[in-house]
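The structure appears right after this line, and notes come after that.
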Amino acid sequence: MSHSNDRLDWLLVGITLILLMIGLLMVHSASSVISAQRFGDAYFYAKRQLLWALLGLVAMTWTARVDYHQWRRFAPQLILLSFVFLAVVLIPGVGQNRGGSQAWLGIGSFGIQPSEFAKLALILFLAHDLEHNKHKLQSFWRGFVPPLTMALVAVGLIMLEPDLGQSVVIVGTTVILLFAAGAKLSHLGVLAGVGGLGFVGLVAMAPYRMMRIVAFLDPWKDPLGKGYQIIQSLYALGSGGLLGLGIGNSHQKYFYLPEPQTDFVFSILGEELGFLGAATVLALFASMVWRGYRTALYAPDAYGALLAAGITGMIAVQVLINVGVVTGSIPATGITLPFISFGGSSLTLMLTAMGILLNISTKSTFPVK
Amino acid sequence: MQVTSRVIRRRIMTLFLLLLAAVGGLIGRLAYIQVGQTQWLSGRAHNLWSRSIPVQGVRGTISDDHGLPLVYTATAPSVLSVPAQVTNKSSTATKLSNVLHMSAEKILQTLQQHKAMVWISPGGRRITDTQAEAVRALHLPGIYITEEGKRTYPEGSLASQVLGITGADNQGITGIEKQYNSVLSGQPGYIEFYANAKGQRMPGTGEQYIPPVNGDNIQLTINTQIQQFVEREIEQSVAEYHPNSVTAIVANPKTGAILAMANYPTFNPAHWRDYPPNTYNQNLAIWQTFEPGSTFKVVTLSAALQENKVNLADKFFDPGYYEVAGHRIRCWKAGGHGSESFLNVVENSCNPGFVALGERLGKQTLFGYIKKFGFGTKTGVDLPGEGNGILFKLSQVGPLELATTSFGQGVSVTPIQQVMAMSAIANGGLLMKPYLMDKETNPVTGQVVRQTQPTVVRRVISTQTSALVRQTLESVVANGSGRSAYVDGYRVAGKTGTAQVAENGHYTSGHYIVSFMGMAPASDPRLVAYLAIDYPRPQNGVVFGGVIVAPIVGRILGDSLQYLQVPKSTQGLSKKFRYGDIPLYTMPSFVGLTVGDAQRTAIESSAQIHTEVVGQGKYVIAQAPAPGTKVAYGQTIRLYLGGQMPQRPAVPPPVH
């Protein structure tokens with residue numbers, strides 16, 4: 001009662017394109033004021049985002065056509081390459097520092113983030129490795145720790161930038177992959193314990209992270225300092241109400257909410273499109289996760305299943321963290337909203353990953369209703 | 001065919017459900033923020049975005065009892081700035097300083113303040129139309145012209161201490177302006193617009209104009225005509241006597257309405273900043289407390305009559321002093337008034353006679369009446385800054401304190417307290433609460449929002465007693481110490497007062513507060529008038545007693561009653577003696593006294609003797625006319641001074 005369709009998951013393509021278009025629209029709307037003020041061109045960010053989107057779509061089309069098994073051959077090389085890039089970006093004068101993070105490689109405003117590609121490289125590697133060594137997985141030291149070590153090397157390099165958001169996403173995605181691959185719950189428990197201690201250590205190392213946590217708990221305590229961004233985000237969402245102020249009508253984008261086109265684009269979205277618009281976007285992401293895990297469930301092999309689960313997991317983790325921060329539900333952690341936020345590396349990576357997911361879906365065998 | 005293991009499938013299913021639940025949780029959180037908290041958050045966000053330029057309502061007019069404006073608001077342009085919108089602050093400051101009378105540095109400081117909106121103060125406040133045009137012509141971004149009210153006083157300084165003053169922000173600072181500030185100021189309006197975080201107007205958002213609500217008008221009980229009579233008399237007395245201060249009140253005794261209230265020194269409210277703060281901060285008529293002196297004898301008299309402790313026909317012998325607890329309290333008249341009736345005691349303002357009345361009443365009763373007359377507590381007049389006055393604590397009152405209190409020493413009272421006590425005698429025995437606001441009216445409709453109803457505080461004495469006191473006081477004016485207040489046909493009743501001023505616990509030689517408290521017509525008084533002069537310094541010698549103040553109050557009452565068209569009466573007591581008539585008083589002897597003692601004796605005399613000093617020295621060595629000479633009221637006596645105390649005759653020369 002099943003068949004191999006050998007066809008694209010057009011619903012997933014549709015969801016992706018809708019989110020992409022909402023993203024372009026919102027990046028334009030959110031950035032128009034600061035674009036005009038900074039560059040004298042209201043379309044400055046929107047034009048670049050469109051360019052990256054087109055580039056990403058090309059990449060997606062390509063990866064959707066490449067048999068995902070091909071990636072296994074290059075997985076070790078890709079992860080090593082991304083480690084090299086993560087190291088190179090740390091070299092002063094080579095990597096660019098923006099907003100306190102030494103995270104960009106490139107010239108001028110066109111920069112790429114090695115950490116974005118490291119995320120995908122790590123998923124490709126872990127899916128390969130976990131499937132390859134699945135018989136060892138029940139062993140803590142020989143099965144559980146080696147893939148985890150690869151992830152921690154990436155996290156370690158990224159925390160040197162530092163970029164807490166990307167690190168959290170990598171840890172989250174890795175945990176999802178280990179869990180999906182069938183790692184022992186006791187091992188994951190140990191990881192959680194060690195991770196908790198590590199987190200405390202990181203906070204102790206950089207006190208500003210503690211400030212962020214305090215700000216999240218009570219942003220009104222320091223409304224002009226630590227709590228400023230969260231409060232401005234809540235103002236945007238709250239004044240949007242149920243139906244929103246209408247597209248283009250945000251007030252918070254008038255310099256109240258800093259950098260509204262990147263990590264806080266969802267606030268402006270909620271202000272202009274209201275709860276209905278914001279919830280619709282979240283529902284679209286939920287649908288994307290549904291299609292992603294459906295692909296994983298019916299993937300032709302364990303490697304495909306883990307790859308699909310990893311890519312979907314990465315998207316889900318970023319959505320949860322981004323919206324969690326914007327709604328003041330979790331401590332401030334800078335991460336983009338997939339397909340929506342401004343950012344070339346993030347967008348092209350997401351579309352590239354989506355292509356791989358789509359390719360897996362063409363190989364999946366779905367039950368016939 | 002399934003390739004993936006069952007474990008992986010189960011784990012993926014679990015992950016999917018967990019992530020879905022997490023997304024569901026975020027949607028719930030979003031609903032809480034965007035639907036549940038939307039009102040609170042959008043309210044706060046609105047406050048964040050909106051900028052307001054205040055538009056003041058026109059402050060209400062304060063008018064006299066006939067509706068004649070005493071102060072109204074004329075609007076004038078003012079310069080305000082939204083600093084975030086000013087592009088070049090230093091050039092803006094320079095350009096503005098050329099138009100406004102203000103240094104560029106000071107304007108620049110103002111523009112550099114981190115505020116949503118600042119006034120260019122003081123140079124840019126209430127500027128002329130020409131200046132406003134010049135500022136507009138500069139077309140400076142972030143600089144606005146708005147209309148601001150300017151208080152205008154069509155009657156100049158008239159009743160300035162009653163009206164009070166307003167500050168730069170149109171707020172009442174003193175007087176009626178402060179007392180009724182909330183009524184007069186109305187509600188400010190706003191021009192409201194949304195601004196971005198840099199303070200510039202947010203494009204695509206309109207501006208909202210919330211119009212101000214103008215303040216209500218206040219009509220006072222002050223009568224401009226009577227106020228002018230009073231201020232005229234104050235000015236004349238100042239020119240003549242160069243006093244420290246003068247204070248005067250005219251009231252309607254039946255209602256407690258204040259018809260006139262004025263003081264010297266005074267000020268022009270349009271330029272109040274040019275005057276010493278005391279002049280606009282203190283209204284002496286309600287604030288100043290001092291020993292009332294003989295005017296207070298009215299209280300003792302009323303109490304004694306009410307308590308049936310005296311019959312005015314009763315005889316009293318005044319040997320020149322009254323012995324209380326081993327102290328001799330001296331009468332102003334050396335040798336005393338001898339045998340006299342209690343009516344004469346009042347007419348002569350004879351201290352021993354009043355001490356006797358005080359003793360008859362006892363401290364409980366006398367102090368009970370003092371308090372019932374309203375002394376020791378604020379009258380509750382609708383003006384800020386009223387004084388309490390000081391009375392002896394009953395537990396500390398011994399025979400000496402009782403004695404001095406009964407003739408007005410050792411108590412401290414305000415002018416308004418005395419006027420209200422006198423009003424109680426005038427109106428048949430009711431203590432009224434004084435008031436200045438007659439009504440509050442809506443400036444647009446003219447509708448009366450609030451009207452003051454006369455308030456009876458309490459009954460103090462009976463109607464019969466008050467009539468008897470009035471009759472006695474009429475006799476004081478017709479026959480006694482208040483003689484010069486006599487106004488033909490207007491039956492003035494009243495009492496003089498002279499109090500020596502204590503400084504640092506000692507009475508200071510030469511420093512007196514002379515006062516007169518009068519009412520007219522005595523049969524049914526329409527007006528009570530009071531005037532006190534603090535430290536009169538006449539140019540020729542020294543002038544004492546009721547001679548100074550009584551005629552002033554007489555003129556105020558006479559002019560006012562005539563203005564009020566009160567018919568003259570023929571039933572009053574006729575004035576016994578006129579100038580040039582047969583002499584009434586026997587000139588006392590001043591020889592051998594120090595100058596100060598001589599002056600004091602003359603002051604306390606009801607003979608109203610003018611003195612003129614000749615020569616230098618500490619002692620009076622001779623006088624003209626000689627002691628014992630019969631003299632007319634207002635007679636001038638020459639005192640010859642010398643350094644040595646002359647041989648004083650043991651017995652005064654025989655009286656002719």
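Chain letters run A, B, ... following the sequence lines, proteins first, then strands; residues in each count from 1.
Of the atoms belonging to A/Q232, it is side-chain heavy atoms, and not backbone ones, that fall under 4.5 Å from chain B. Heavy-atom distances place the backbone of A/A181, and not its side chain, under 4.5 Å from chain B. Using a 4.5 Å cut-off between heavy atoms, A/V319 contacts chain B through its backbone alone, with no side-chain atom that close.
Annotation: the span from B/I33 atom CD1 to A/S233 atom OG amounts to 7.5 Å, rounded to 0.5 Å. Between atom CG of residue B/L15 and atom OG1 of residue A/T312 there is a gap of 10.0 Å, rounded to the nearest 0.5 Å. Here the CZ atom belonging to A/F179 is positioned 12.0 Å from the CD1 atom belonging to B/I8, to the nearest 0.5 angstrom. Interatomic distance, B/R11 CZ to A/L177 CG, rounded to the nearest 0.5 Å: 12.5 Å. Here the CD atom belonging to B/Q37 is positioned 7.5 Å from the CG atom belonging to A/L234, to the nearest 0.5 angstrom. A/E271 contributes atom CD, which lies 11.5 Å from atom CG of B/L41 (distance to the nearest 0.5 angstrom).
For B/Q171, the CD atom sits in a packed shell: over 12 heavy atoms of surrounding residues, nucleotides or ligands are nearer than 6.0 Å. Enclosure of atom NE2 in B/H46 by more than 12 non-hydrogen atoms of other residues, nucleotides or ligands within 6.0 angstrom is indicated. Counting non-hydrogen atoms of neighbouring residues, nucleotides and ligands closer than 6.0 angstrom, the NZ atom of B/K150 reaches no more than 12 such neighbours.
Taking every heavy atom of both residues into account, B/I27 and A/F275 meet most closely at O-CE1, 3.5 Å. Taking all atoms of both residues into account, the shortest heavy-atom contact from A/A180 to B/I12 is CB-CG1, 4.2 Å. Here the closest heavy-atom approach between residue B/V7 and residue A/G182 is recorded as CG1-CA, 4.0 Å.
Counting heavy-atom pairs closer than 4.5 Å to chain B, the top residue among A/F285, A/Y235, A/W290 is A/Y235. The choice from B/V23, B/V35, B/L20, B/L48 that makes the most heavy-atom pairs within less than 4.5 Å of chain A is B/L48. Of the residues considered (B/W40, B/Y32, B/F16, B/W49), B/W49 shows the highest number of contacts with chain A, using heavy-atom pairs under 4.5 Å. For the set A/G240, A/G270, A/G244, A/A236, the entry with the most heavy-atom pairs within less than 4.5 Å of chain B is A/G270.
When side chains are defined from C-beta on, B/R9 counts as touching A/Y298, because their heavy atoms get closer than 4.5 Å. At a threshold of 4.5 Å between non-hydrogen side-chain atoms, the residues A/L282 and B/L26 count as touching.
No side-chain donor-acceptor contact under 3.5 Å links B/T38 to the backbone of A/S239. Proximity of a side-chain donor or acceptor of A/Y254 to a complementary backbone N or O of B/A197 within less than 3.5 Å is not detected.
None of A/T327, A/L237, A/V323 except one satisfies the side chain to side chain contact (heavy atoms under 4.5 Å, CB included) rule with B/R29; the exception is A/T327.
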